Amino acid sequence: MKETRYVFVTGGVTSSLGKGIISSSLAKLLQGWGFSVTIQKLDPYINIDPGTLNPYEHGECYVTEDGAETDLDLGHYERFSNTPTSQANNITTGRIYQSVINKERKGEFLGSTVQVIPHITDEIKRCIQILGNTGKYDFVITEIGGTVGDIESFPFIESIRQLRWELGNRCVTVHLTLVPYLSAAQELKTKPTQHSVKSLQEQGVQPDIIICRCEKHLSDSIKAKIALFCNVSKNAVIECMDAESIYDVPIAMMHEHLDEVILEKTNTPKPAKINIDEWMHFLERLHNPKHQVTVALVGKYVELTDAYKSIREAFIHGGVANETKVKIVSLHSEKINDENAAEMFAGVDGILVAPGFGNRGVEGKIAAIRYARENKVPFLGICLGMQCAVIEFARNVLGYKDANSAEMNPDTDYRVIDIMAEQKHIMNMGHTMRLGAYPCQLEKGSKLIEMYGSEMISERHRHRYEFNNKYLDEFQSHGLKVAGRNPDANLVEAVELEGHPWFVGVQFHPEYKSTVAKPHPLFTGFVKAMLEYEKKNKQ
């Protein structure tokens, strides 16, 4: 069994410094050395998972193969490392306390008073080591959400302190902090970093490595000052400048020797050579595209870049596969209607209607789809986007003007989208949908089977409502064809429009499975279709 090393990544001074990107970048580099790596996220909030959180609060909810609703950082982990994550990769305070309380109710503590220490911290340590105890990984990288000094983070920091004592040199702590540049003084200031490290030390944890987010290069004297005041070696003070793309960060960290310092401090023998040739090839194509297309991203959270994070990244992957830069124009669905659609979509080469829940903005999505269908603009609808395509077709082709989803209008006479039978009596909202990976059998002769190159695929889901098979024959006879079905429940998973250059709707979420190493075939195909549309328009 492997002797797993643990790397803890904490953050200080301010949130949103990029702990997830740093963790993912480190994983990529360690993989380049030939090590097996996984990443997990500890979130201090009391929610059981992000599944019920508003995107305005938390951004995208990322879904894993096993159906866990998790933090969006797990998307970064998978995109960088090309390694699937699971329920064990995202742990919240809510899950920790729920587990401990359930054990207490069962009498597992034999009448002892249940306390934060040792019971909560023991549960945190158990969860942290679940992946390491499988024997699959050389390194487990654990990102602690929030900022050092937050009250809710204290039990997690205390658990790290205990693990460092128990695991010795198999454990290393990386602290990501901010070194701000004051333009008035024309100086980088190290005091916030010093205070952040001091706060961590007050909780019993001495960081081994300090990564400094900064706008200007750190001079040797500044690195020496941080090393002196924060009790780390100078080579363990790592500069992290703002990058053109998040995919440049692994190379920046390699040039700063972050990976080598980690190997040194965990007493891990360094292999002869690192191999990141594929990553470098990806970056070369990313920064030197031969073409450009413009896609309209239609949704009700488009002002939040994190709300559709996986879709945006999947466009980057699909674009690089086509040597194409994909420019995303974000359009709020509440502002779109049949009258202004031509103006709103002027100059775009494709339209993607995003997933979501609830009635707000749905009519704008339907108007966008009608424009794409009637004007033969390449279209991709994901989850609710596919459902809106079905509604639009029912209204404007089949003539069912009242057609709708039971989610939006339960009183409609034409429920072309209806709730799944097993969902009808569920009251709790958390983790109750059709979640995770399900098989899908693609129809012969469809665009999808051509793109996937396989008749049987597996994709991830997150929804309660489905295509109503009652209307299936009518849709198909009028040109909206089934392109994929769930072989077990005969549920419609994908539709395509006959006579249209590229009109695809899928009930699943292809964006979750797109990675740097394996761009998703649907996004690759969609970008290719937009390229053809753009060239045709030029001619």
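As the structure is a prediction and not an experimental result, all values here were calculated from the model. Excluded from the calculations below are hydrogen atoms, water molecules and symmetry mates; all remaining heavy atoms, backbone and side chain alike, are included.
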Do the rings of Phe80 and Trp279 sit parallel, tilted or perpendicular, given the 30° and 60° boundaries?
-> tilted
Look at the rings of Phe35 and Phe139 and say which category their plane angle falls in: under 30° parallel, 30 to 60° tilted, over 60° perpendicular.
-> perpendicular
Roughly how far, to the nearest 0.5 Å, is the [atom2] atom of [Y] from the [atom1] atom of [X]?
X      : Y      : atom1 : atom2 : answer
Ile351 : Leu331 : CD1   : CG    : 8.5 Å
Ile210 : Glu239 : CD1   : CD    : 14.5 Å
Thr85  : Asp66  : OG1   : CG    : 8.0 Å
Met386 : Glu493 : CE    : CD    : 8.0 Å
Leu17  : Thr147 : CG    : OG1   : 7.5 Å
Glu60  : Tyr308 : CD    : OH    : 10.0 Å

Spell out, as yes or no, whether a donor-acceptor pair under 3.5 Å connects the side chain of [X] to the backbone of [Y].
X      : Y      : result
Thr64  : Ala68  : yes
Thr324 : Asn322 : yes
Ser24  : Gly20  : yes
Thr92  : Asn47  : yes
Ser196 : Pro192 : no
Ser99  : Ile96  : no
Asn275 : Asp277 : yes
Asn90  : Gln87  : no
Arg285 : Ala321 : yes
Ser219 : Ile222 : yes

Do other residues, nucleotides or ligands put more than 12 heavy atoms under 6.0 Å from the [atom1] atom of [X]?
X      : atom1 : value
Lys325 : NZ    : no
Ile151 : CD1   : no
Leu228 : CG    : yes
Met456 : CE    : yes

Minimal non-hydrogen separation, [X] against [Y], with atom names:
X      : Y      : result
Ala307 : Tyr301 : CB-CB, 3.5 Å
Ile226 : Cys212 : CD1-SG, 3.8 Å
Gly149 : Ser199 : CA-OG, 3.9 Å
Gly525 : Met451 : CA-SD, 3.7 Å

Test of ring centre spacing under 6.0 Å for [X] and [Y]:
X      : Y      : value
His119 : Phe109 : yes
Tyr62  : His509 : no
His317 : Tyr247 : yes

Looking at Phe508, Tyr452, Phe526, which one forms a ring pair (Phe, Tyr, Trp, His ring centres under 6.0 Å) with His520?
->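 Testing His520 for a ring pair (Phe, Tyr, Trp, His ring centres under 6.0 Å) against Phe508, Tyr452, Phe526 leaves exactly one candidate, Tyr452.
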Does Arg434 make a cation-pi contact with Tyr438 (under 6.0 Å, within 45 degrees of the axis)?
->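 Judged by the rule (NZ or CZ under 6.0 Å from the ring centre, within 45° of its axis), Arg434 counts as positioned above Tyr438.
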Hydrogens and angles aside, do [X] and [Y] bring a side-chain donor and acceptor to less than 3.5 Å of each other?
X      : Y      : result
Thr268 : Arg170 : no
Asn89  : Ser86  : yes
Tyr77  : Glu143 : yes
Thr515 : Glu78  : no

Between [X] and [Y], does at least one N-O distance fall below 4.0 Å, as a salt bridge requires?
X      : Y      : value
Asp306 : Lys309 : yes
Lys103 : Glu108 : no
Asp242 : Arg213 : yes
Glu256 : Lys223 : yes

Test log, rule side chain to side chain donor-acceptor pair (under 3.5 Å), inputs Asn288 and Glu284 | CA-CA 6 Å; Asn288 299 284; Glu284 173 66 24; 3.3 Å; yes
Sequence neighbours left out, cut at 3.5 Å: what donor-acceptor pairs do the side chains of residues 158-166 make with other protein atoms?
unit_1: Glu158; atom_1: OE1; unit_2: Arg161; atom_2: NE; d: 3.0
unit_1: Glu158; atom_1: OE2; unit_2: Arg161; atom_2: NE; d: 3.3
unit_1: Glu158; atom_1: OE2; unit_2: Arg161; atom_2: NH2; d: 2.7
unit_1: Glu158; atom_1: OE2; unit_2: Gln162; atom_2: NE2; d: 2.9
unit_1: Ser159; atom_1: OG; unit_2: Pro155; atom_2: O; d: 2.8
unit_1: Gln162; atom_1: OE1; unit_2: Lys125; atom_2: NZ; d: 2.8
unit_1: Arg164; atom_1: NH1; unit_2: Thr173; atom_2: OG1; d: 2.9
unit_1: Arg164; atom_1: NH1; unit_2: Asp208; atom_2: OD2; d: 2.7
unit_1: Arg164; atom_1: NH2; unit_2: Gln206; atom_2: O; d: 3.0
unit_1: Glu166; atom_1: OE2; unit_2: Lys125; atom_2: NZ; d: 2.7

Test side chain to side chain contact (heavy atoms under 4.5 Å, CB included) on Val172 and Arg5 and set out the steps.
-> CA-CA 8 Å; Val172 63; Arg5 270 78 168 168; over 6 Å; no
Before giving the answer on side chain to side chain contact (heavy atoms under 4.5 Å, CB included), spell out for Thr70 and Val63 the whole-Å C-alpha distance, their side-chain angles and the decisive distance to 0.1 Å.
-> CA-CA 6 Å; Thr70 68; Val63 177; over 6 Å; no
What do the steps show when you test Leu522 against Val506 for side chain to side chain contact (heavy atoms under 4.5 Å, CB included), and what is the final call?
-> CA-CA 10 Å; Leu522 260 182; Val506 293; 3.8 Å; yes
Partners of Arg126 by salt bridge (Lys or Arg N to Asp or Glu O under 4.0 Å), sequence neighbours excluded?
->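 With neighbours one apart ignored, the set is Glu123.
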Sequence neighbours excluded, which residues qualify as side-chain hydrogen bond (donor to acceptor under 3.5 Å, both in side chains) partners of Trp33?
-> Asp259
